[in-house]
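Here the structure is laid out as structure tokens; the discussion comes afterwards.
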Amino acid sequence: MQKTCTIDIETTINSGQVFLWNKIEDQWIGVDGKDILILNQSPFRARSSGSTSNFFREDDNLEKILSNISRDKIVRKAVKQSPGLRLVRQDPFQCYISFICSSNSSIKNIKSMLENLCKKFGTKREFNGYKLHLFPKPEILANASMKDLIGCKLGFRAKYVKEASQVVNSGKIDFSWLKKTDYFTALESLKKILGIGNKVADCILLFSLDKMDAFPIDRWTQRILLKYYKKNFDDVIEKPLTEKKYEKLHEEIVKYFGPYAGYSQQFLFKMERDLNKKNWL
DNA sequence: TCATCACCTGGAGA
DNA sequence: ATCTCCAGGTGAT
């Protein structure tokens, strides 16, 4: 109970992990796969229209994790700045499509694309007086026409979304299996899919498949590494990372930050974007 | 294996 | 007004 109270909902929603969320009056309403979630900060309350539980990873031993990652001075500062920030455990299919859509885009635009997909393809559902569209099922997106997907403003990602949905719908990608297997095996499976490279795969692994050693390296993370950790890692560079550079850097990072490297990344990412006054949802 | 380049779209800044 | 650049990258050459 005490742990629950330390979760900062707004900080967590506004940390680049999720997109289909809106603040209405004093509560956050969001879509997670086939569920609608309603969150209140004080008193803390999380309601789900379905079976979603542990959205905030309440089963993690946070005390242990925070003390582990706080060995690093910069991370310690980031944790102190946003102590209520949590990693979330999202619906895997939604997370997968979300981050495929994220490539070369902005948070605002990603949110818009996903809302369009829900409106066009998701089942309408009412929960506690709120009517919204759930996230579309793999089967629906797998069989969607390119015209309709383009209509959702996906741009060049339309093809990625369709193919990625087909892979899930056919059973070639099985999220429950990916959850059970190790980081590297899951990573390799995801990267075979069109539209998924190292960064997108790491986001999916960290935010929905329980891989806490996933450490997404995007533009911001790269800036962070350059700014604070230049001396710690041989492979930090200013230029865009090639695939091999990314892998090598990731290896060094996990060695340095430890098994909960993903948590470190989230705190650092939040800190640096806030520092630069970047917008969230 | 690496370096370039194009890519849908929307918004910000020159 | 019009252009350029960038935004949580990836794929093709």
Side-chain angles (χ1 to χ4, degrees), chain A residues 11-21 78 82 85 87-88 90 94-117 119-120 144-164 167 187-208 214-227 235-251 253 261-281:
Chain A
T11 297
T12 300
I13 298 297
N14 281 324
S15 69
Q17 304 180 67
V18 293
F19 305 95
L20 287 171
W21 286 83
S82 306
L85 176 62
L87 277 179
V88 297
Q90 302 178 43
Q94 179 175 328
C95 186
Y96 169 84
I97 298 297
S98 298
F99 285 95
I100 286 173
C101 288
S102 78
S103 84
N104 201 27
S105 192
S106 62
I107 289 178
K108 199 175 173 186
N109 203 10
I110 299 161
K111 181 181 181 185
S112 154
M113 288 185 253
L114 296 173
E115 283 174 347
N116 293 341
L117 283 176
K119 258 182 214 149
K120 180 76 187 169
S145 70
M146 281 303 286
K147 184 172 165 285
D148 284 346
L149 291 171
I150 297 280
C152 291
K153 305 291 179 189
L154 300 191
F156 62 87
R157 306 165 194 82
K159 187 171 68 172
Y160 302 164
V161 167
K162 185 169 171 67
E163 289 198 26
V167 174
L187 176 73
E188 290 305 309
S189 304
L190 287 174
K191 277 170 59 180
K192 291 199 178 92
I193 294 152
L194 191 71
I196 301 185
N198 278 303
K199 189 271 171 184
V200 169
D202 271 335
C203 288
I204 300 166
L205 292 166
L206 181 60
F207 303 142
S208 73
F215 189 102
I217 308 170
D218 56 23
R219 280 197 161 75
W220 281 101
T221 314
Q222 211 177 339
R223 265 174 226 157
I224 291 164
L225 294 174
L226 270 168
K227 184 172 168 186
D235 291 282
V236 207
I237 50 170
E238 293 184 33
K239 284 177 277 188
L241 294 166
T242 64
E243 188 179 4
K244 293 297 159 196
K245 282 266 185 194
Y246 187 109
E247 285 165 3
K248 216 171 154 204
L249 184 54
H250 186 276
E251 198 180 320
I253 282 169
Y263 263 98
S264 320
Q265 190 272 354
Q266 202 56 30
F267 283 101
L268 291 170
F269 183 73
K270 176 68 177 169
M271 175 179 77
E272 198 63 11
R273 279 193 51 124
D274 279 345
L275 187 64
N276 286 274
K277 304 195 188 313
K278 302 302 286 186
N279 291 326
W280 302 100
L281 296 179

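What's counted below: heavy atoms across the whole structure, side chains too, no hydrogens, waters or symmetry copies. All chains are named by letter (A, B, ...) in the order of the sequence lines, taking the proteins before the strands, and each is independently numbered beginning at 1.
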What's Gln265(A) touching, base or sugar-phosphate or nothing? Going by heavy atoms closer than 4.0 Å. nothing

Does any donor atom in the side chain of Asp274(A) or Trp280(A) lie under 3.5 Å from an acceptor atom in the other side chain? yes

Heavy-atom contacts under 4.0 Å between residues 214-222 of chain A and DNA chain B, which residues? none

Applying side-chain hydrogen bond (donor to acceptor under 3.5 Å, both in side chains) to Gln90(A) and not counting sequence neighbours gives none

dA6(B) to dT4(C) separation - P atoms, rounded to the nearest Å: 13 Å

In whole angstrom, what separates Met113(A)'s CE from dT9(B)'s P? 10 Å

In terms of relative ring orientation, are Phe156(A) and Tyr160(A) parallel, tilted or perpendicular, with 30° and 60° separating the classes? perpendicular

How long is the line joining CD1 of Ile204(A) and P of dG9(C), in whole Å? 14 Å

Once you apply a heavy-atom cut-off of 4.0 Å, does Ile100(A) come out as touching a base, just sugar-phosphate, or nothing? nothing

Want to settle it: does Gly195(A) or Cys203(A) sit nearer the 5' end of DNA chain C, counting the closest nucleotide to each? Cys203(A)

Asn116(A) CG - dT9(B) P separation (whole Å): 11 Å

By side-chain hydrogen bond (donor to acceptor under 3.5 Å, both in side chains), which residues pair with Lys111(A), not counting sequence neighbours? Asn22(A)

Once hydrogens and angles are ignored, does a donor-acceptor distance under 3.5 Å link the base of dT9(B) to the side chain of Asn109(A)? yes

What are the residues of residues 155-164 of chain A, sorted by number, that bring a heavy atom to within less than 4.0 Å of DNA chain C? Phe156(A), Tyr160(A)

Looking at Arg273(A), I'd like to know whether one of its side-chain N or O atoms comes within less than 4.0 Å of OP1 or OP2 on dA7(C). no

If we only count heavy atoms from C-beta on, is the Lys239(A) to Lys245(A) side-chain gap below 4.5 Å? no

Qualifying residues under salt bridge (Lys or Arg N to Asp or Glu O under 4.0 Å), relative to Lys119(A), sequence neighbours excluded: none

Pairwise side-chain contact, Asn198(A) with Ile217(A), heavy-atom cut-off 4.5 Å (strictly under): no

Do other residues, nucleotides or ligands put more than 12 heavy atoms under 6.0 Å from the CD atom of Glu251(A)? no

Could you check Gln266(A) against Lys191(A) and say which one's nearest nucleotide on DNA chain C is further toward the 5' end? Gln266(A)

The side chain of Lys199(A) is closest to which nucleotide in this list: dG10(B), dT10(C), dC7(B)? dT10(C)

Tell me whether Glu247(A) is salt-bridged to Lys244(A), with the criterion being a basic N under 4.0 Å from an acidic carboxylate O. yes

Base, backbone or nothing for each nucleotide of nucleotides 1-6 of chain B, written B, S, -, heavy atoms under 4.0 angstrom, 5' to 3'? SSS---

Of all the heavy-atom pairs spanning Thr221(A) and Phe269(A), show the shortest one and how long it is. OG1-CD1, 4.4 Å

In this structure, how many angstroms lie between the P atom of dG9(C) and the CD1 atom of Ile97(A), rounded? 18 Å

With a 4.0 Å cut-off on heavy atoms, is Ser98(A) in touch with a base, just the backbone sugar-phosphate, or nothing at all? nothing

Grab the two heavy atoms, one from Lys159(A) and one from Leu194(A), that are nearest each other, plus how far apart they are. CE-CD2, 3.8 Å

Under a cut-off of 3.5 Å for both distances of each Watson-Crick or G-U pair, what dot-bracket string does DNA chain B give, using [ ] for crossing pairs and | for inter-strand pairs? ..|||||.||||||

P atoms of dT10(C) and dG11(B), separation to the nearest Å: 24 Å

Identify each atom pair where a protein N or O and an N or O of nucleotides 12-14 of chain B are less than 3.5 Å apart, giving names and distance.
none

With heavy atoms under 4.0 Å as the rule, sort Ile110(A) into base, sugar-phosphate or nothing. nothing

Only counting residues at least two apart or in another chain, list the ones meeting side chain to side chain contact (heavy atoms under 4.5 Å, CB included) with Lys108(A). Ser106(A)

Report yes if the side chains of Leu190(A) and Val200(A) come closer than 4.5 Å at any heavy-atom pair, otherwise no. no

Of all residues at least two apart in sequence or in a different chain, which pass the side-chain hydrogen bond (donor to acceptor under 3.5 Å, both in side chains) check with Asp148(A)? Ser145(A)

Check Gln266(A), Arg273(A), Lys270(A) against Ser15(A) for a side chain to side chain donor-acceptor pair (under 3.5 Å) and give me the one that passes. Gln266(A)

Residue pairs, two or more places apart or on separate chains, that pass salt bridge (charged side-chain N to carboxylate O under 4.0 Å, His left out) and touch residues 192-207 of chain A: none

Apply side chain to side chain contact (heavy atoms under 4.5 Å, CB included) to the pair Leu226(A) and Arg223(A), showing each step before the final yes or no. CA-CA 5 Å; Leu226(A) 270 168; Arg223(A) 265 174 226 157; 5.7 Å; no

Leu194(A) CG to dA12(C) P, in whole Å, measures 6 Å

Over how many whole Å does the gap from Leu149(A) atom CG to dT9(B) atom P extend? 13 Å

Between Leu241(A) (CG) and dT10(C) (C1'), how many Å, whole number? 13 Å

Figure out the CE/C1' separation between Met146(A) and dC7(B), and round it to whole Å. 13 Å

In whole Å, what separates the C1' atom of dC5(B) from that of dC5(C)? 16 Å

Distance-only check: which donor-acceptor pairs under 3.5 Å involve side-chain atoms of residues 94-103 of chain A, not counting sequence neighbours?
residue	atom	partner	partner atom	Å
Gln94(A)	OE1	Gly33(A)	N	2.6
Gln94(A)	NE2	Val31(A)	O	3.0
Tyr96(A)	OH	Ala164(A)	O	2.8
Ser98(A)	OG	Gln94(A)	O	2.6
Ser102(A)	OG	Phe99(A)	O	2.7

